[in-house]
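One structure is given here, and the rest of the page talks about it.
When reading the values below, keep in mind they use all heavy atoms of this one structure, side chains included, and skip hydrogens, waters and symmetry mates. Chain letters run A, B, ... following the sequence lines, proteins first and then strands; every chain starts at 1.
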There are 2 protein chains.
Amino acid sequence: METIEQGDAFDPNCPTRMVLDRIGDRWTVLVVISLRNGPRRFTELRRKVNGVTPKVLTQTLRAMERDGLVTREVFAEVPPRVEYTLTPLGMSLQTPIQAIADWAEANVGKVMSAREASLQA
Amino acid sequence: METIEQGDAFDPNCPTRMVLDRIGDRWTVLVVISLRNGPRRFTELRRKVNGVTPKVLTQTLRAMERDGLVTREVFAEVPPRVEYTLTPLGMSLQTPIQAIADWAEANVGKVMSAREASLQA
DNA sequence: CCGGATCCTATCCGATACTG
DNA sequence: CAGTATCGGATAGGATCCGG
């Protein structure tokens, strides 16, 4: 079936629900965007992903690692260096993310004016 | 600019961030899917969106109404009837949602096996 | 430099009960 | 039928400190 089904995201165990949960969280999408041009170090990511705390960034990266979206590579150096890289799977996530971004840019104006209008009513 | 920018979703006030917040919540996406074939009544939605409580469904619908995604129409009848309908804006949300669903269906297997694999490591 | 440990708060969500 | 009111629990996320 090519289109969304009723039983789809309504069930916690369903594919779409799972992806939605990932995309829904505050940072996963930002990390994907930040890594799209190649590997980044932890601190680089911290700077790019404006305002994320180390704990949460670590949480996010670990979750993404578990799901096969990023790989984590530790270099036994002094000072220590850790690089995160998008897997092909992680890279492919950019397609739906881009779709969202496109919709957002195209329609944010309408949403904002709807919001304004509802304040007066 | 056609592609995602760094400053994009990193700022709470930015378009993508806003849309992500909507998509991230548990029910908005499900309501959009449930309404795609035409207007639905409150209780119909409650049934379709499996397990949502009236309070939360109302919250979701009100938020969507504010953002111009749905319209709410009250019929002065006995018994009372209220219909919710997707606006064109709300309809257009199905494009990115479909992109997510497609990605999910195509890649859920990989994510699941990555998860399995990480359990043994 | 990387990120774990701990504590805390905000928010979302669910259950239940009640009203026009 | 279509909600509202109230309460309570779960959890993501933030602040801060500390260790390898």
Please name all residues satisfying side-chain contact (heavy atoms from CB on, under 4.5 Å) with [X], sequence neighbours left out, ordered by chain then number.
X: A:Ala99; answer: B:Pro96, B:Ala99
X: B:Asn107; answer: A:Leu89, A:Ser92, B:Trp103, B:Lys110
X: A:Thr85; answer: A:Pro39, A:Thr71
X: A:Thr95; answer: none

Mind checking what makes side-chain hydrogen bond (donor to acceptor under 3.5 Å, both in side chains) contact with B:Arg46, not counting sequence neighbours? none

Tabulated below should be each protein N or O lying under 3.5 Å from an N or O of nucleotides 12-15 of chain C; please produce it.
unit_1: C:dC13; atom_1: OP1; unit_2: B:Arg26; atom_2: N; d: 3.0
unit_1: C:dG14; atom_1: OP2; unit_2: B:Trp27; atom_2: NE1; d: 3.3
unit_1: C:dG14; atom_1: O6; unit_2: B:Lys55; atom_2: NZ; d: 2.1

Given atom [atom1] of [X] and atom [atom2] of [N], what is their separation to the nearest angstrom?
X: A:Leu45; N: C:dC1; atom1: CG; atom2: C1'; answer: 14 Å
X: A:Phe42; N: D:dG20; atom1: CZ; atom2: C1'; answer: 14 Å
X: A:Arg81; N: D:dG20; atom1: CZ; atom2: C1'; answer: 18 Å
X: A:Leu57; N: D:dA15; atom1: CG; atom2: C1'; answer: 16 Å
X: B:Asp21; N: C:dT11; atom1: CG; atom2: P; answer: 12 Å
X: A:Arg41; N: C:dG3; atom1: CZ; atom2: C1'; answer: 14 Å

So salt bridge (Lys or Arg N to Asp or Glu O under 4.0 Å) across residues 54-66 of chain B, not counting sequence neighbours, yields none

Given [N], is OP1 or OP2 found less than 4.0 Å from the side-chain N or O atoms of [X]?
X: A:Tyr84; N: C:dG3; answer: yes
X: B:Arg62; N: D:dT4; answer: yes
X: B:Arg46; N: D:dG3; answer: no

Counting only pairs under 3.5 Å, give me each side-chain donor-acceptor contact of residues 72-80 of chain B, with atom names and distances, residues two or more places apart or in other chains.
unit_1: B:Arg72; atom_1: NE; unit_2: B:Tyr84; atom_2: OH; d: 3.3
unit_1: B:Glu77; atom_1: OE1; unit_2: B:Arg81; atom_2: NE; d: 3.4
unit_1: B:Glu77; atom_1: OE2; unit_2: B:Arg81; atom_2: NH2; d: 3.0

Any sub-3.5 Å donor-acceptor pair from B:Glu116's side-chain atoms to B:Ser113's backbone N or O? no

With the threshold set at under 4.0 Å for non-hydrogen atoms, list the residues of residues 64-80 of chain A touching DNA chain D in residue-number order. A:Pro80

Kindly indicate, with the supporting measurements, whether the criterion side-chain contact (heavy atoms from CB on, under 4.5 Å) is fulfilled by B:Asp21 and B:Asp25. CA-CA 7 Å; B:Asp21 286 345; B:Asp25 88 43; over 6 Å; no

